[in-house]
2 protein chains.
Amino acid sequence: MNLRDLRYLLAVAEHEHFGRAARACGVSQPTLSVQIRKLEDLLGVVLFERGGKVAAPTAACRQLLDHARAAVAAAEAVLATARSLRDPLAGRFRLGVIPTLAPYLLPLVFGPLREALPALELEPWEDQTAALLERLRAHELDAVLLATDETAPDLMGVPLFAEPFMAALPPEHPLAAREAVAETDLARDILVLSDGHCLRDQALEACGQTTALGAALRASSLTTLLNMVAAGYGTTLIPGLAAGAAQDAGIVLRPLTTWTGRTIRIVWRAHFPQRPAAEAVGEVIARRLRGYTESTAATAA
Amino acid sequence: MNLRDLRYLLAVAEHEHFGRAARACGVSQPTLSVQIRKLEDLLGVVLFERGGKVAAPTAACRQLLDHARAAVAAAEAVLATARSLRDPLAGRFRLGVIPTLAPYLLPLVFGPLREALPALELEPWEDQTAALLERLRAHELDAVLLATDETAPDLMGVPLFAEPFMAALPPEHPLAAREAVAETDLARDILVLSDGHCLRDQALEACGQTTALGAALRASSLTTLLNMVAAGYGTTLIPGLAAGAAQDAGIVLRPLTTWTGRTIRIVWRAHFPQRPAAEAVGEVIARRLRGYTESTAATAA
DNA sequence: GGATCCCGATAGGTGGCGCCTATCGATATC
DNA sequence: GATATCGATAGGCGCCACCTATCGGGATCC
């Protein structure tokens, strides 16, 4: 049985006339007669009483009409829904963001994203790199914003902007007197985030260290880390976009003597069909941050 | 778009694997790949993300699945309903019966009909011949029980049984003393039903008359007519099946000297597809009344 | 790191079937 | 009895769903 057959059935039932129903369906009358006949054979039920002036639906036919209508309507709904989903820049877009980036980047880009991609329903999801990649591969996220450079054959992505690291010092710290700070100078009393944060590894690498101050002091969030620095527990490296939050916490910020930082990328599955949406989101973020990166570079210079 | 396409869509979405979905659908994997691809082109939407270990439904696809399921389910409902309607001796059967027959015949045949045709939902409808034929031609009735012999090219039917007329007399009437009564003897003071009842015309014809006693006295129902006879207003001819009701009303019944009566037929539209049901109903009624007719004939003889 | 396996896509060929036009048979109308 | 209308039938054509065979890519395994 076919949707076409059901449409023919509905047409004849409505018009009670094969010729007119055929015209309404855009086919010839013999076509309709044959198809209805086949449908009757298939169903084992006589659908129409021919011979009078009209082709009257039988009682059995009337009992089938509602189901037939429902089937045709549902099929139409598939088409209509598909039409509304056709725009790749529309629909839900679940974007994973690492915790050391999300609170500082998202406020900057929500506005431009809404403006540039009004039909895209952005759903941010905050987690650490490994968890984000797991969710991405499980199709629970559409794309992720990462600060690491690893590449995988099943994933692809593009760099969006470079985010410089800055030295974060307690106001009374000796290094706070300098214009710029060398990473190695921070190594002595640097504080880092807890395991799993990519920023932790990057900060340690920048300082040429592999271990940091006492494990008990490892902060589980950047906010906590900033509060610890402000309280004089030690120093740290923070990503540039967190500068505002750091200053609010009463921390002294100093550029590094040689540019050091991380590159933020947007990453999606290699076969992700909504790739245009991922690229568009990346483009909007990159454009919004272009000026920021340049001005920061200028300040550091 | 086709129901088959939707089934394929559902299969791939369920198995998340083209090969297994193909096996489940009973087609080859290339067939499924091509058809899904065509569906994607038609809808303008990518339905599955290929390339990983699994073929994962996209977000757009998931939004279509419910509609697709509804369409397939409705189509299945058409088939299932048709299967249950396949028996021509099942379903609603609207049977028109004339008023001078219905109250006396139906109690006799309801039982046998329920027993012989348990799946047939009999819906009796009582009205005069002309109205019944109108409703029959308008497909508002499936068959009618008539006492007239007219035939029409768009109708057909079979005789079921012959119903003798009997003379109905007030107890004190002079003719009540006789064993049998001649129709012509009744002519003097015969009462008849109102216009539209076929029994009216048949009674008048049997007596060789075309007019009857005063128009004001024309009874609108056989019950009223019997009451009028019992009250001494006059005589009448009644159909044999009403004998019981007549005697209950205190009327004297006498056979006619020469057999006179009417033939009850069941009539349906010439193109009525449920003809087997009409014939079966007729058969049950005829069989139930066979003994009656013979015994009546024996009584009259 | 080459061989192997698994996945979905592609190519080429074939049969079924839905569609057409032309025509018929039956029925209703004048 | 001639005409018009309706649905059924006949014959032919072209599309398309289906098959088998094969390909290309990616993961896995000695």
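Every chain is numbered from 1 and lettered A, B, ... according to where its sequence line falls, protein lines coming before strand lines.
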**Message:** For the residue pair Thr100(A) / Arg262(A), report whether a side-chain donor-acceptor contact shorter than 3.5 Å exists.
**Reply:** yes
**Thr31(B) side chain to Ser28(B) side chain, donor-acceptor N/O pair below 3.5 angstrom** = yes
**Prompt:** With respect to Ser33(A), which candidate in Gln35(A), Gln29(A), Arg37(A) satisfies the side chain to side chain donor-acceptor pair (under 3.5 Å) definition?
**Reply:** Gln29(A)
If I take atom [atom1] in residue [X] and atom [atom2] in nucleotide [N], what distance separates them, rounded to the nearest angstrom?
X         : N       : atom1 : atom2 : answer
Asp41(B)  : dT10(C) : CG    : P     : 10 Å
Glu40(B)  : dA9(C)  : CD    : C1'   : 12 Å
Arg137(B) : dT27(C) : CZ    : C1'   : 14 Å
Arg23(A)  : dT5(D)  : CZ    : C1'   : 12 Å
Leu47(B)  : dG8(C)  : CG    : P     : 15 Å
Ile36(B)  : dC7(C)  : CD1   : P     : 17 Å
Leu39(A)  : dA8(D)  : CG    : P     : 13 Å

Sequence neighbours excluded and cut-off under 3.5 Å, please list the side-chain donor-acceptor pairs for residues 277-285 of chain B, or say none.
from	atom 1	to	atom 2	distance (Å)
Glu279(B)	OE2	Arg275(B)	NE	2.9
Glu279(B)	OE2	Arg275(B)	NH2	3.2
Glu283(B)	OE2	Arg287(B)	NH1	3.4

For a quick test of reading the model: is some side-chain N or O of [X] closer than 4.0 Å to OP1 or OP2 of [N]?
X        : N      : answer
Arg37(B) : dA9(C) : no
Ser33(B) : dG8(C) : no
His17(B) : dG8(C) : yes

**Request:** For the side chain of Ala55(B), starting at C-beta, report the closest nucleotide among dA8(D), dG8(C), dA27(D).
**Result:** dG8(C)
**Request:** Determine the sole option in Arg94(A), Arg135(A), Arg92(A) for which the salt bridge (charged side-chain N to carboxylate O under 4.0 Å, His left out) test with Glu123(A) is passed.
**Result:** Arg92(A)
**Asked** Within a radius of less than 6.0 Å around CD of Glu134(B), do more than 12 heavy atoms belonging to other residues, nucleotides or ligands occur?
**Response** no
**Item:** Candidate pair Asp154(A) and Arg137(A), rule salt bridge (Lys or Arg N to Asp or Glu O under 4.0 Å), full reasoning
**Value:** CA-CA 8 Å; Asp154(A) 60 334; Arg137(A) 287 193 164 99; 2.6 Å; yes
**Prompt:** Which residue lies toward the 5' end of DNA chain C, Gly19(B) or Asp154(B), if each is placed at its nearest nucleotide?
**Reply:** Gly19(B)
**Fill in**
Its contact letters, B for base, S for sugar-phosphate only and - for none at protein heavy atoms under 4.0 Å, make nucleotides 17-25 of chain C read -SSBBB---
